[in-house]
Student: 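Before anything else, here's the structure in question.
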Amino acid sequence: IHMNVEARLKALIGEPAGRLHTARSRNDQVATDIRLWVRDQCDAAVGGLRALIRALVAQAEAGADWVMPGFTHLQTAQPVTWGHHMMAYVEMLGRDIGRFTDARARMNECPLGAAALAGTGFPIDRHATAQALGFDRPSANSLDAVSDRDFALEFLSAAAICATHLSRLAEELVIWSSAQFRFVAMSDRWSTGSSIMPQKRNPDAAELIRAKIGRILGAAVALFTVMKGLPLAYSKDMQEDKEQVFDAADTLMLALAATTGMMSDLTVNRDRLEAAASSGFSTATDLADWLVREAGLPFRDAHHATGAQLAAAEKRGVDLPELTLVEMQAVNSAITQQVYEVLGVHNSVASRQSYGGTAPDQVRAQIARWKGVMEGWE
């Protein structure tokens with residue numbers, strides 16, 4: 001392609017085109033071009049992440065006090081809020097922005113002028129070339145300049161981590177939109193019907209996003225494998241970087257756009273969230289904490305006492321708040337009527353006032369912080 005460019009230039013301007021290759025090699029030209037392209041892709045990824053963060057913050061603000069079950073091992077653990085859950089992904093994606101931004105800063109050195117591998121004897125000004133192309137500086141070692149693909153590996157690594165976050169959110173959307181959960185409903189833009197089962201709405205977009213991590217992670221592994229055994233400086237093996245980087249970048253941007261679209265028009269079933277939050281003994285930890293605070297029990301003893309209460313509730317087929325005071329006092333006589341104040345899911349989330357906790361006030365504080373960050377993006 002380099003000779004074709006030179007031939008086309010010669011057709012346009014004549015013999016001076018033959019000087020195009022002076023003090024240059026295909027090695028440093030390709031290294032420069034791919035850096036320029038990957039640098040632009042870092043900027044594009046940051047733009048896509050910002051759009052998704054805006055959509056998630058909007059969801060969080062709408063549901064800052066909507067209670068839902070928080071899970072560990074996909075088992076009901078403690079009540080949280082919808083807003084808190086959304087802001088967890090905002091934090092993940094914020095770190096992704098940091099990774100792409102850091103990668104961009106590190107790759108912003110210009111290889112042009114390194115020539116084939118040893119530099120050139122022509123009196124060129126590499127600093128001027130670097131400045132003209134928007135780089136911070138020229139690369140400091142000609143061998144490294146033409147053989148380095150760290151920047152591509154770093155971009156692919158950041159892309160794989162980001163895609164992992166998108167896959168986790170997509171997995172939750174798949175689960176939440178199922179008939180067994182019914183936490184959310186996706187619009188027809190992001191779901192499809194079954195060919196033979198008219199009642200179904202399949203979360204196809206989320207499932208495809210969940211699968212895309214395989215392509216992106218595969219691209220990273222492929223390029224790591226290419227680079228691991230190469231001596232300095234250039235080897236033709238390095239031509240394999242293009243296909244991997246191009247495909248990963250396209251795949252990531254598609255996944256970011258689709259996730260942003262899904263989260264922007266997602267319908268959340270608030271009543272279903274609250275009903276689920278109120279089941280599965282989600283306030284058991286609150287009971288244990290109450291026994292520590294009000295009855296003075298060591299936490300381990302409170303844990304055992306709560307376990308006994310859970311056994312009694314399971315035997316009756318009820319949740320903790322439905323046990324009578326007499327039944328609770330049969331396990332521990334120190335329990336009073338006040339215990340019911342902490343067994344409600346709204347009281348539970350409201351009590352989690354530690355910094356970064358799920359209390360609506362804390363969630364709104366984090367939303368406000370991110371709104372300040374987003375203002376700086378304008």
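No hydrogens, no waters, no symmetry mates; every other heavy atom, side chains included, goes into these values. Because the structure is predicted, anything quoted here is derived from the model rather than measured.
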Student: Find out whether the Lys NZ or Arg CZ of Arg39 is both under 6.0 angstrom from the six-membered ring centre of Phe135 and within 45° of the ring's axis.
Tutor: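 Here Arg39 passes the 6.0 Å and 45° test against Phe135.
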
Student: Would you indicate whether the side-chain heavy atoms of Leu166 and Lys212 approach each other to under 4.5 Å?
Tutor: no

Student: Same cluster or not: are Ile213 and Leu254 linked, directly or through other Ile, Leu, Val, Met, Phe, Trp or Tyr residues, by side-chain heavy atoms under 4.5 angstrom apart?
Tutor: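 No, Ile213 and Leu254 fall in different hydrophobic clusters.
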
Student: Can you confirm whether Met68 sits close enough to Thr81 that some side-chain heavy atom of one is under 4.5 Å from a side-chain heavy atom of the other?
Tutor: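 Side chain of Met68 against side chain of Thr81, heavy atoms only: no contact under 4.5 Å found.
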
Student: Using the rule that two of Ile, Leu, Val, Met, Phe, Trp, Tyr join whenever any of their side-chain heavy atoms come within less than 4.5 Å, decide whether Val349 and Trp290 are in one cluster.
Tutor: no

Student: Report yes or no: do Met92 and Ile161 belong to one cluster of Ile/Leu/Val/Met/Phe/Trp/Tyr joined by side chain heavy-atom distances under 4.5 Å?
Tutor: no

Student: Do you reckon Leu56 sits in the same ILVMFWY cluster as Val46, going by side-chain contacts under 4.5 Å, direct or chained?
Tutor: yes

Student: Can you pull the salt bridge (Lys or Arg N to Asp or Glu O under 4.0 Å) pairs that have at least one residue in residues 160-186, sequence neighbours excluded?
Tutor: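 Listed once each, the pairs are Glu171-Arg210.
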
Student: Taking ring pair (Phe, Tyr, Trp, His ring centres under 6.0 Å) as the criterion, tell me which of Tyr89, Trp176, Phe183 meets it with Trp82.
Tutor: Trp176

Student: Tell me, do Val57 and Met87 make a side-chain contact under 4.5 Å, heavy atoms counted?
Tutor: yes

Student: When rounded to the nearest 0.5 angstrom, what distance separates CG in Leu287 from OG1 in Thr306?
Tutor: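 So the CG of Leu287 and the OG1 of Thr306 are separated by 4.0 Å.
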
Student: Look at Arg215 together with Asp250 and state whether they make a salt bridge at an N to O cut-off of under 4.0 Å.
Tutor: no

Student: Rounded to the nearest 0.5 Å, what separates atom CG in Asn4 from atom CG in Leu9?
Tutor: 12.5 Å

Student: Does the distance from a Lys or Arg side-chain N to an Asp or Glu carboxylate O, for Asp102 and Arg99, drop under 4.0 Å?
Tutor: no

Student: Are Met86 and Val363 side-chain neighbours, meaning at least one heavy-atom pair lies under 4.5 Å?
Tutor: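 No. Closest side-chain heavy atoms not under 4.5 Å.
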
Student: Any non-hydrogen side-chain atom of Gln29 less than 4.5 Å from a side-chain atom of His21?
Tutor: yes

Student: Quick one: are Ser25 and Tyr234 in side-chain contact, heavy atoms under 4.5 Å?
Tutor: no

Student: With side chains defined as the heavy atoms from C-beta onward, is the minimum distance between Ile335 and Leu291 less than 4.5 Å?
Tutor: yes

Student: Using a strict threshold of under 4.0 Å (side-chain N to carboxylate O), is an ion pair present between Glu91 and Arg369?
Tutor: yes

Student: Between Val38 and Met107, is any pair of side-chain heavy atoms under 4.5 Å apart?
Tutor: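 Yes. Closest side-chain heavy atoms under 4.5 Å.
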
Student: What's in the same ILVMFWY side-chain cluster as Val30, cut-off under 4.5 Å, chained through other members?
Tutor: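 Members alongside Val30: none; it stands by itself.
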
Student: Specify the closest pair of heavy atoms between Gly94 and Trp370, including all atoms of both residues, with the distance to one decimal.
Tutor: CA-CH2, 3.7 Å

Student: Any Lys/Arg nitrogen of Asp289 or Arg352 sitting under 4.0 Å from an Asp/Glu carboxylate oxygen of the other?
Tutor: yes

